[in-house]
J.: 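One structure is given below, represented as structure tokens, and several questions about it will come after.
Atoms within a ligand are numbered from 1 in the order they appear, just like the ligands themselves.
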Amino acid sequence: MKKFIALLLAAVMTMSLLTACGGKTEETTSETPEAEAAQDEGTEAEAEEEAPEAEAQDAETEAEAPETEVEGEAKESTDAQSEALADGVLTVGTNAEFPPFEFVGDDGEPDGFDIALIKAIGEKLGVEVEVENMEFDSLVASIGSKVDVAIAGMTVTDERKNSVDFSDAYYEAVQYVILPEGSEIATADDLAGKTIGVQLGTTGDIIASDDIEGASVSQYNKGMDAVNDLINGKVDCVIIDKNPALVFASKFEGQLTAVDGAEFGFEPEEYAIAMPKGDTALVEQVNTALEEIKADGTFDKLVETYIEN
Ligand code: GLN
């Protein structure tokens, strides 16, 4: 009997030891690195899907070596979780009326430099990117509610910084003045008292409304509508960002010219991605992705494809 009890005890101990080991291995492989890595990439569903796979590996000691590396990575990026990325989808607001940064493509969907850039960023972050087209003037207010972020050739301004956080700047711009061929407007003083077409809520609007004496400012939701009114003689000039100005003016070659706003004393501006105020995890991850995209040549390729052509 004594011998039997001793044997039984030994058996129980061995079993519990095995269970403990098994349990521990399972925890390390399935719950920590795999699940976190999957969560990083996106949905919880993915994380659940991967769990059984990890369990299957738990007997294999070999499988543990590479997993350790994953653990390090996963830990780094899960230190702070971005709320905007938690559902695996990055919803992006834009105003697809601002070529070459954003425009409506042949398939009816927003396309352009900014759209390609944010999709490349989404890929780096392991999230799906959904683009919502809306009026430029509603973008800032929609960040954190209707959309997660906005990319729209948006200039970093102190006022906007009160409502949103910006990524690192990704493009330098300046306001241009589109003029009818033969216009007498040539200097900042000449703009005084003129009727100026702008896109509502833009930095061009702010310059025309706040800085130009006696100007009568006509605000449009679409820059192109302002340009059409310039052709129709309803406004004397249009103030809009350099690249769209060049695109719009080129549609009316021989009738319009786009003049560098530096000649009118306009300051350089910088475009950045606008994000919910306080989501520092998102800002960090977007900036890291942006750095990588610049380092690996993707950024230059996008400039070539969308802006230089
Ligand atoms: N860069 C300008 C701004 O931020 C215009 C942007 C735009 O019209 N999409 O106000």
J.: Is it the case that the side chains of Asn243 and Tyr176 hold a donor-acceptor pair, with the cut-off being a distance below 3.5 Å and no angle test?
T.: no
J.: Could you list the residues that satisfy salt bridge (charged side-chain N to carboxylate O under 4.0 Å, His left out) with Lys294, not counting sequence neighbours?
T.: none
J.: So, Asp296 and Lys124, do they make that salt bridge, N to O below 4.0 Å?
T.: yes
J.: Table please: side-chain donor-acceptor pairs of residues 189-203 below 3.5 Å, with sequence neighbours left out.
T.:
unit_1: Asp190; atom_1: OD1; unit_2: Thr187; atom_2: OG1; d: 3.4
unit_1: Asp190; atom_1: OD2; unit_2: Ala186; atom_2: N; d: 2.8
unit_1: Asp190; atom_1: OD2; unit_2: Thr187; atom_2: N; d: 2.9
unit_1: Asp190; atom_1: OD2; unit_2: Thr187; atom_2: OG1; d: 3.2
unit_1: Lys194; atom_1: NZ; unit_2: Asp190; atom_2: O; d: 3.0
unit_1: Gln199; atom_1: NE2; unit_2: Asn95; atom_2: OD1; d: 3.0
unit_1: Gln199; atom_1: NE2; unit_2: Asn221; atom_2: O; d: 3.2
unit_1: Thr202; atom_1: OG1; unit_2: Gln199; atom_2: O; d: 2.6
unit_1: Thr202; atom_1: OG1; unit_2: Gly204; atom_2: N; d: 3.4
unit_1: Thr202; atom_1: OG1; unit_2: Asp205; atom_2: N; d: 3.3
unit_1: Thr203; atom_1: OG1; unit_2: Gln175; atom_2: NE2; d: 3.0
unit_1: Thr203; atom_1: OG1; unit_2: Glu269; atom_2: OE1; d: 2.9
unit_1: Thr203; atom_1: OG1; unit_2: Glu269; atom_2: OE2; d: 3.4

J.: Under a plain distance cut-off of 3.5 Å, with no hydrogens placed, do Asp114 and Tyr170 share a side-chain donor-acceptor pair?
T.: yes
J.: Please list every donor-acceptor pair under 3.5 Å in which a side-chain atom of residues 248-257 meets a protein atom from a residue at least two apart or in another chain.
T.:
unit_1: Ser250; atom_1: OG; unit_2: Leu246; atom_2: O; d: 3.4
unit_1: Ser250; atom_1: OG; unit_2: Val247; atom_2: O; d: 2.7

J.: Starting from the N and O atoms of ligand 1, collect every protein N/O partner closer than 3.5 Å and put each pair on its own line with the distance to 0.1 Å.
T.:
unit_1: ligand 1; atom_1: 1 (N); unit_2: Gly153; atom_2: O; d: 2.8
unit_1: ligand 1; atom_1: 1 (N); unit_2: Thr155; atom_2: OG1; d: 2.8
unit_1: ligand 1; atom_1: 1 (N); unit_2: Asp241; atom_2: OD2; d: 2.6
unit_1: ligand 1; atom_1: 4 (O); unit_2: Thr155; atom_2: N; d: 2.8
unit_1: ligand 1; atom_1: 4 (O); unit_2: Thr155; atom_2: OG1; d: 3.3
unit_1: ligand 1; atom_1: 4 (O); unit_2: Arg160; atom_2: NH1; d: 2.8
unit_1: ligand 1; atom_1: 8 (O); unit_2: Gln199; atom_2: OE1; d: 2.8
unit_1: ligand 1; atom_1: 9 (N); unit_2: Ala152; atom_2: O; d: 2.8
unit_1: ligand 1; atom_1: 10 (O); unit_2: Arg160; atom_2: NH1; d: 3.4
unit_1: ligand 1; atom_1: 10 (O); unit_2: Arg160; atom_2: NH2; d: 2.9
unit_1: ligand 1; atom_1: 10 (O); unit_2: Thr203; atom_2: N; d: 2.8
unit_1: ligand 1; atom_1: 10 (O); unit_2: Thr203; atom_2: OG1; d: 3.4

